[in-house]
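Single-structure report; data block below.
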Amino acid sequence: MISGYSNLADTVSSVFLFIGGICVALLVLITFFMLYFVIKYNRKKNIPPVNIEGNTFLEITWTIIPTILVLVMFYYGWTGYKVMRVVPEDAMVVKVTARMWSWLFEYENGTQSDVLNLPVGKPVKLLLSSQDVIHSFYIPAFRIKQDVVPGMETYAWFTPAELGPYDVFCAEYCGLRHSYMLAKAEVMPEEKFNEWYSKEIPTEKIAKKEPLGLELIKAKGCDGCHTRDGSPLLGPTFKGVFGRKEKVLTGTKEREIMVDEEYIRKSMLEPMADQVAGFPPIMPSQKGLLTEAEIAEIIKYLKELK
Amino acid sequence: MADEAVVSNYAGISFYEEKGRYSGLLSWVFSTNHKRIGLLYLISMLTFFATGVFLGLLLRLELIAPGKTIMEPQTYNAIFTLHGVIMIFLFIIPGLAAPFGNFFLPILIGAKDVFFPRLNLLSWWLFISGAILAIISLFTRGGPIDTGWTFYAPYSIKTGTNVSLAVFAVFLIGFSSILTGLNFLTTIHRLRAPGMKWLRLPLFVWSLYATGWIQILATPIIGITLLLVILERFFGVGFFDPAKGGDPILYQHLFWIYSHPAVYIMIIPAMGVISEIIPVFARKTIFGYKAIAFSSLAIALVGSLVWGHHMFVSGQSYTADWIFSLLTFLVAIPSGIKVFNWVATLYKGSIELATPLLYALSFIFLFSIGGLSGVIQSALAVNVHLHDTYWIVAHFHYVMFGGAGFAFFAALHHWFPKMFGRMYNRRRAKWAWFILFIGFNTLYLPMFILGWQGMPRRYYDYLPQFHTGHLISTIGSWILVSGLILMFANLIHAFFKGVKADNNPWGGSTLEWQIASPPPPDNFDQIPLIEHGPYIFGTQIFADSRG
């Protein structure tokens with residue numbers, strides 16, 4: 001599968017094919033001799049065995065040739081990798097935040113999105129950080145992967161070469177919904193990207209008139225655990241949450257409360273204080289991750305969600 | 001120990017009939033006889049192996065189609081963790097060394113037992129205590145561990161599942177491994193029979209020697225690391241949690257400093273067994289004895305310095321990346337040397353394609369695929385794409401199951417008549433091998449393709465483009481398990497009803513074939529005098545053989 005979806009893809013594929021080709025050849029060679037000897041020197045033929053204790057020339061040969069081969073292979077792998085670690089200076093910077101179990105992409109002008117929108121043919125540098133555990137940012141089509149480690153910033157870069165949507169995966173196991181920590185990278189023509197980026201033309205979402213609160217719920221990853229259709233997931237559903245009576249655990253005590261503005265705010269900032277019974281205690285605090293204005297927008301949206 | 005020429009008090013009986021202080025089950029679990037301890041390991045490990053296979057089967061069934069098939073994500077995460085922990089720590093790390101090393105190492109060097117028989121028993125007790133704790137951890141506070149067998153911080157610090165107890169269980173098992181390694185090293189240094197010079201040692205012994213050094217040098221590091229995880233969970237110390245100033249990358253370094261060499265703890269004894277089996281069924285001496293013996297040491301040495309290749313995309317430094325990549329490539333050289341020498345041993349032999357040799361040859365084939373796929377992913381540029389995908393899952397199953405696992409079965413079929421004094425049905429054994437081999441490749445080959453397509457590992461659910469590969473792989477798992485069932489049914493049947501085995505059914509030349517099947521309690525009436533290397537066929541090498 002040779003593909004040129006990014007500037008790195010061809011390099012990776014050609015190193016893979018080069019080393020892979022040598023390896024397949026070696027495997028065929030080993031297997032051929034093994035089968036050939038087994039047939040030729042089968043005991044049924046009653047040929048007396050010949051004791052051969054070794055052969056220095058052969059030992060040297062099959063030490064030196066593989067040594068040269070692996071050094072060449074190392075060199076190719078290394079040069080291909082060097083390109084991945086040196087970012088061009090004109091690269092567009094996108095901050096990527098990973099958290100259980102969603103991605104947030106933030107552009108230089110402050111635009112936030114849960115889709116990685118990119119202009120085709122322009123180098124992009126991703127600055128990766130995590131809010132909780134280790135994740136790994138992986139776009140198979142572009143042949144890039146980089147762990148996202150809490151407490152440090154890592155990076156990756158590439159130039160997307162072809163238009164289209166591409167899958168983004170989390171490649172480092174991060175808990176319950178690891179396999180659902182997916183996103184899309186949308187590579188578009190530069191003009192279209194600029195339009196989206198400068199918000200001159202409403203994006204698809206705004207065209208559908210999505211309320212700001214819902215956009216936040218998606219962008220901040222709330223919908224990784226809370227549905228809007230009434231079915232419980234890892235946390236209670238958002239549908240009809242406002243005014244609902246819930247049994248909560250305060251410490252170890254169970255009590256009944258009514259969900260109001262104050263409760264929703266507290267659940268976001270101190271989720272463990274009054275936790276709805278029957279769900280795992282895994283919600284991370286959003287303190288510092290949501291502004292007061294954003295909290296207000298989310299509450300406004302939840303009030304309406306009947 | 002090492003008394004010369006002790007006349008045995010047990011004339012004519014096997015170690016099964018030996019009368020000791022205890023009888024029944026106690027005569028086993030309190031026995032210090034290396035053969036009984038070897039069998040204790042064998043039975044307990046096969047039980048764990050069966051459990052691990054069953055869990056793997058459940059995982060494959062869940063992955064037969066996208067979406068939920070039989071279990072919830074949390075169950076899946078717990079099961080893949082258990083599958084890994086059981087297979088790695090309870091089956092493949094004790095691997096061939098604990099059961100076959102215990103049973104055959106003293107015999108192969110002409111000794112009556114290991115150097116520290118009681119320490120040997122303690123090793124098994126630590127092993128089984130660890131296993132019991134691991135089982136208890138499933139049913140106590142927090143429930144089954146869901147971190148993956150790598151226990152990566154900070155997830156392992158944050159998850160609510162019962163990490164501490166499970167990790168402590170692994171700590172105990174590690175202790176067992178250290179003591180076994182220490183025991184084997186001392187035994188090989190001190191208890192070789194007169195005339196058993198270093199270059200006359202059977203190659204399985206050489207492999208245990210190299211393994212022993214890794215066990216005692218590398219295992220303490222994971223022990224300490226796991227204790228740090230426990231401390232961090234109980235007291236919130238902050239070794240690895242960046243929120244408290246710790247470093248998650250440090251955890252990965254400490255973990256892999258042991259866990260990569262652990263791969264060689266599994267594979268080197270496997271290579272040793274292959275080096276025993278091939279000369280016997282080719283009826284000629286091994287090709288390149290010294291090359292094979294010393295390449296074990298080279299693998300142990302270089303293999304201890306390559307752990308960083310698990311971390312190319314972890315955020316470790318660029319310098320670390322290229323150094324570890326280079327060292328990783330170098331480790332391929334001694335592995336290649338072994339393969340070439342084994343194949344060369346077949347040249348001008350008189351080859352009998354018996355079941356042990358079938359397993360040994362398929363070991364060479366499968367291990368070569370595993371090793372060569374490892375060469376591909378050692379290349380930095382390629383590793384970025386393949387890391388943590390199904391390619392890796394395929395790679396390590398080829399190395400561990402196709403390699404160490406098939407060598408385990410090879411050893412089991414090779415030494416079964418010696419250990420139990422009975423012979424299995426050879427036709428059925430070959431059929432089982434065939435089904436197992438086909439099933440294995442159907443199960444794991446598609447994973448290479450899935451990985452190259454970008455399917456990440458440890459995924460409960462997947463996108464539709466990965467369906468075909470997963471479907472084939474799941475079908476493969478059923479074929480593989482059919483082969484395993486037939487193999488064990490055949491062996492269990494032989495254990496109870498098999499025909500009595502000769503002392504030397506394969507015409508082997510090493511010392512174990514010169515004594516009775518099953519061996520007498522003290523192995524030898526008289527410590528043998530060794531006059532030449534291990535693989536001389538057609539000459540009587542041990543005049544005092546019984547029967």
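Chain identifiers are assigned alphabetically (A, B, ...) following the order of the sequence lines, protein sequences preceding nucleic acid strands; residue numbering begins at 1 within each chain.
In this structure, a donor-acceptor pair under 3.5 Å is present between the side chains of B/H385 and A/Y138. Neither side chain, B/E352 nor A/N42, offers a donor N or O lying under 3.5 Å from an acceptor on the other. With hydrogens and angles left out, the side-chain atoms of A/Y173 and B/N77 include a donor and acceptor closer than 3.5 Å.
For the pair A/E53 and B/F287, the minimum side-chain heavy-atom distance is 4.5 Å or more. Using a 4.5 Å cut-off on side-chain heavy atoms (C-beta onward), A/F74 and B/T328 make no contact. Considering only heavy atoms from C-beta on, A/W62 comes within 4.5 Å of B/N341 through its side chain.
Both the backbone and the side chain of A/V50 come within contact range of chain B, judged by heavy atoms closer than 4.5 Å. Looking at A/T67, the atoms closer than 4.5 Å to chain B (heavy atoms on both sides) sit in the backbone and in the side chain alike. Proximity to chain A (any heavy atom under 4.5 Å) is restricted, for B/F80, to the side chain, taken from C-beta onward. Using a 4.5 Å cut-off between heavy atoms, A/K82 touches chain B through backbone and side chain atoms alike. In this structure, no portion of A/T11 lies under 4.5 Å from any heavy atom of chain B. Only the side chain of A/M152 has a heavy atom closer than 4.5 Å to any heavy atom of chain B. When heavy atoms are compared at a cutoff of 4.5 Å, A/E59 approaches chain B solely by way of its side chain, counted from C-beta outward. For A/C170, the parts lying near chain B are the backbone and the side chain together; criterion is any non-hydrogen pair under 4.5 Å. Contact of A/E172 with chain B is made through backbone and side chain together, with heavy-atom distances under 4.5 Å.
The aromatic rings of B/F466 and A/F169 sit tilted, their planes meeting at an angle between 30° and 60°.
Most heavy-atom pairs under 4.5 Å with chain A, from the set B/S373, B/S350, B/G371: that is B/S350. Contacts with chain A were tallied for B/T159, B/T147, B/T150; B/T147 has the most, counting heavy-atom pairs under 4.5 Å.
Side-chain atoms of A/K145 come within 3.5 Å of backbone N or O of B/H387 as a donor-acceptor pair. Side-chain atoms of A/S179 do not come within 3.5 Å of backbone N or O of B/Y459 as any donor-acceptor pair. A/R43 contributes a side-chain N or O that, together with a main-chain N or O of B/F281, makes up a donor-acceptor pair within less than 3.5 Å.
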(message) Walk me through whether A/F16 and B/W391 qualify under ring pair (Phe, Tyr, Trp, His ring centres under 6.0 Å).
(response) CA-CA 13 Å; A/F16 176 80; B/W391 174 281; 5.6 Å; yes
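Aromatic pair B/W342/A/F33: centroids not less than 6.0 angstrom apart.
Cation-pi contact between A/R143 and B/W452: present, with separation from the ring centre below 6.0 Å and deviation from the ring axis of at most 45°.
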